[in-house]
Amino acid sequence: MTKYAKGQIVEGVVTGIESYGIFVSLNEYYTGLIHISEISHNFVSNIHDYVNIGDTICVEILNVDENEGHLNLSIKNINYRKKSYKKRKKIIETSNGFNTLAYRLPRWIEESLKKK
């Protein structure tokens, strides 16, 4: 079982959103709440402007209740958005290479000049 400590920044999944805060699951043993006052330094009128259910975010631990497995969390002093990078597909070169371009380019130029 993972041990969490105050000040630690960890990853979690948003499991619920209420008018007073965001519920986050860190693993099968620990859940936490980001109170609305810990979302931003500015006024928060709509929590959905910050997160959606199912988002994976980074959170800062403010307090740990080991007996209940509950954490008080914050996102207002950290970059909480987890960057997701799409894995790019490898470009597979064909045997034609630039031959298709070389073959069609003169025709494209000619068509373009006729339009003017």
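Sequence positions, counted from 1, serve as the residue numbers for this chain.
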Nearest heavy atoms of [X] and [Y], plus distance in Å:
X   : Y   : answer
V64 : E66 : CG1-OE2, 3.5 Å
Q8  : A5  : OE1-N, 2.9 Å
I9  : C58 : CG2-CB, 4.2 Å

key: Under the side chain to side chain contact (heavy atoms under 4.5 Å, CB included) test, residues paired with E18 that sit two or more places apart   =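 For E18, the residues satisfying side chain to side chain contact (heavy atoms under 4.5 Å, CB included) (neighbours in sequence not counted) are Y20, F23.
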inquiry  = Taking side chain to side chain contact (heavy atoms under 4.5 Å, CB included) as the definition, give me every residue that meets it alongside S25, ordered by chain and number, with sequence neighbours left out.
reply    =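 Here the qualifying residues are T15.
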ask   = Which other residues belong to the hydrophobic cluster containing V13, where Ile, Leu, Val, Met, Phe, Trp and Tyr are joined when side-chain heavy atoms lie under 4.5 Å apart, directly or via other members?
value =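 V13 clusters with nothing; isolated.
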key: Pairwise distance CG(N63) to CG(L71) - rounded to 0.5 angstrom   =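 Result: 8.5 Å between the selected atoms.
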key: Value rounded to 0.5 Å, distance of OH in Y30 from CG in D65   =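 Answer for the OH-CG pair, Y30 versus D65, is 9.0 Å.
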For residues 44-53, please give each side-chain donor-acceptor pair under 3.5 Å, one per line with the distance, not counting sequence neighbours.
| unit_1 | atom_1 | unit_2 | atom_2 | d |
| --- | --- | --- | --- | --- |
| N46 | OD1 | H48 | N | 3.0 |

With sequence neighbours left out, what residues match [X] under side chain to side chain donor-acceptor pair (under 3.5 Å)?
X   : answer
H41 : N77
H70 : none
S74 : E38
E60 : none

Using the rule that Ile, Leu, Val, Met, Phe, Trp and Tyr join whenever any side-chain heavy atoms are under 4.5 Å apart, tell me whether [X] and [Y] fall into a single cluster.
X   : Y   : result
I75 : L62 : no
Y29 : L26 : yes
I36 : V24 : yes

With sequence neighbours excluded, residues passing salt bridge (charged side-chain N to carboxylate O under 4.0 Å, His left out) with E110 =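 Salt bridge (charged side-chain N to carboxylate O under 4.0 Å, His left out) list for E110, sorted by chain: K114.
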key: Of V59, I17, N72, the residue whose pairing with I34 passes side-chain contact (heavy atoms from CB on, under 4.5 Å)   =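 Exactly one candidate clears the test, V59.
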